[in-house]
Structure formats: structure tokens, C-alpha cells
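Order of listing sets the numbers, starting from 1, for every ligand and every atom in it. Atom set for the values below is all heavy atoms of this structure, side chains included, hydrogens, waters and symmetry mates excluded. Everything numeric here is computed off the predicted structure, so don't read it as measured data. Quick note: residue numbers are just sequence positions, from 1.
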Amino acid sequence: MNKPAFSVCVYCGSRNGALPAYADVAQKVGTWIGQHSGQLVYGGGNNGLMGLVAQATADAGGRVVGIIPKALQTQENTRTACTELHVVDTMHERKRMMAERADVFLALPGGIGTFEEFFEVWTWRQLGYHDKPIGLLNTQGYYDGLLQFASHSVAQGFLNDWQMDLIRSGTEPKTLLQELVQAAGFAPAPKLAAL
Ligand code: AMP
């Protein structure tokens with residue numbers, strides 16, 4: 001496998017969620033990454049949307065980097081088939097390594113683990129700890145409530161517009177991925193086989 005063109009760190013649910021659209025979008029994200037010679041960086045598990053995005057990336061010929069804490073290996077059902085699998089000592093180490101290996105971040109529908117990771121890279125960005133693009137995939141309006149709450153926070157003076165501008169939300173995985181990867185300075189091109 002050749003050197004990847006870019007790395008997308010995906011945060012998403014360790015469950016599938018209630019709608020088939022969530023699994024569908026996870027597969028589309030993985031397929032897009034693989035078809036554009038990209039690399040997925042993710043939590044290293046086989047459960048839920050996490051497992052689906054990894055499998056779709058691999059099926060489309062992309063590299064899969066999984067980073068999982070030792071203590072979560074059983075619970076999260078480690079994907080031993082990762083191109084690169086890192087078993088680390090702590091959750092902090094996992095999140096640091098995922099962030100370091102990423103060119104862009106993308107959150108898909110998920111639960112508190114996903115929220116926490118998304119908010120962490122958003123807060124790190126506002127503090128200037130990194131300048132990598134951050135996306136929120138709002139499949140079936142899953143994150144409408146969160147975005148409305150953020151607008152409420154702006155209206156109430158706890159958040160500024162420039163902080164809102166640090167994240168991009170979208171509903172179409174291909175469009176959002178293209179925008180994020182381009183914003184990180186790459187020109188993603190589909191492999192010939194994907195045309
Ligand atoms: P969830 O969105 O809750 O299904 O979790 C998705 C992933 O986020 C899982 O791999 C969790 O291990 C991970 N995660 C990362 N940070 C945390 C945290 N502080 N608490 C819970 N889960 C976390």
C-alpha cells in the first residue's frame with residue numbers, strides 16, 4: 001500500500017444508532033477515504049459505526065490506523081485487521097495520538113465518547129493547539145439540537161461567531177470531506193479504479 005495522501009480522524013458511535021442512514025453514512029465516509037488514497041485514523045474498535053467506517057475504508061483500499069486503550073480492547077472489540085494497530089495505556093494517549101496523526105477531524109453521529117472528542121478538538125483549535133479543519137456530519141439532522149444550542153450560546157454571549165466558524169457542518173459526506181481535506185491543503189483525487 002502506498003503512502004496515504006492525507007489522514008482523516010473520524011469520531012463516531014460505538015453503536016449503529018436507530019436509523020439505517022447512520023450506518024450508510026459511516027460506509028460512505030470510509031469508502032470516500034479509501035477511494036481517494038486516504039488514511040482513516042480512528043479508535044480501533046469493531047463495534048457500531050466505528051467498525052463500519054474502518055471496514056469500508058479497508059474495502060476501498062485505504063489505510064486504517066486504529067488506536068485503542070489496553071483496558072477497552074474487549075469492550076470495544078479491537079479490529080486486529082487494522083493496517084496499523086496501536087494499543088496504548090490510557091484514553092488520553094489514544095486521543096493525543098489520534099489528534100497528532102490527523103490532517104482533519106470529522107465527527108459522525110455518536111454518543112458521549114464522540115461528543116467529548118469533537119468538543120476537545122474544537123476547544124484545542126480555539127486555543128491554537130492545532131489548526132486542523134473540523135467537520136460535523138449532521139446526518140438526518142442528528143446534530144440539529146447541538147447546533148441550535150451552540151447558536152443559543154452565541155446569543156447568550158458565551159460563544160463568539162469566530163469560534164463557530166472553526167467548525168463546518170454538512171449533511172453530504174463527500175462534499176464535507178472534500179471541503180475539509182482541501183482546507184487542510186490537499187487536493188483529493190479519486191483513484192482510477194474509483195472513477
Ligand atoms: P460513543 O460515541 O460513546 O459510542 O463512543 C465512541 C468512542 O469514543 C468509543 O471508542 C469511546 O471509547 C471513545 N471515547 C473517547 N473519549 C471518551 C471519553 N472521555 N468517555 C467515553 N468514551 C470516550
Any nitrogen or oxygen of R15 lying under 3.5 Å from a nitrogen or oxygen in ligand 1? Just yes or no. no

Checking the N or O distance criterion of under 3.5 Å, is ligand 1 in contact with G113? yes

Spell out, as yes or no, whether a donor-acceptor pair under 3.5 Å connects the side chain of [X] to the backbone of [Y].
X: K132; Y: V121; result: no
X: R168; Y: L180; result: no
X: Y143; Y: L108; result: yes

Any idea which protein heavy atom is nearest [atom], and the distance to it?
atom: atom 2 (O) of ligand 1; answer: T114 OG1, 2.6 Å
atom: atom 18 (C) of ligand 1; answer: E116 OE1, 3.9 Å
atom: atom 15 (C) of ligand 1; answer: E117 OE2, 3.1 Å
atom: atom 6 (C) of ligand 1; answer: C12 O, 3.2 Å
atom: atom 7 (C) of ligand 1; answer: M50 SD, 3.9 Å
atom: atom 12 (O) of ligand 1; answer: E76 OE2, 2.4 Å

At a 4.0 Å threshold, what atoms of ligand 1 neighbour a non-hydrogen atom of L72?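 So the answer, numbered in order with elements, is 12 (O).
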
Atoms in ligand 1 with a heavy atom of G13 nearer than 4.0 Å: 2 (O), 4 (O)

Measuring only between side-chain heavy atoms, which start at C-beta, is Q39 closer than 4.5 Å to D103?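 No. Closest side-chain heavy atoms not under 4.5 Å.
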
Would you say the side chain of I167 lies within less than 4.5 Å of the side chain of F118, judging by non-hydrogen atoms? yes

Pair H130 + F105: ring centers closer than 6.0 Å: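 Distance test on ring centres: under 6.0 Å, yes.
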
Quick one: does [X] get a heavy atom under 4.0 Å from ligand 1?
X: P69; result: no
X: G111; result: yes
X: G45; result: no
X: R94; result: yes

Heavy-atom count around L127 CG within 6.0 Å, excluding the residue itself: above 12?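 Counting neighbours around CG of L127, more than 12 heavy atoms of other residues, nucleotides or ligands fall under 6.0 Å, so yes.
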
Would you say F115 has more than 12 foreign heavy atoms packed within less than 6.0 Å of its CZ?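 Counting neighbours around CZ of F115, more than 12 heavy atoms of other residues, nucleotides or ligands fall under 6.0 Å, so yes.
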
If hydrophobic clusters are built by linking Ile, Leu, Val, Met, Phe, Trp and Tyr wherever their side-chain heavy atoms come under 4.5 Å apart, do Y42 and Y11 end up in the same one? no

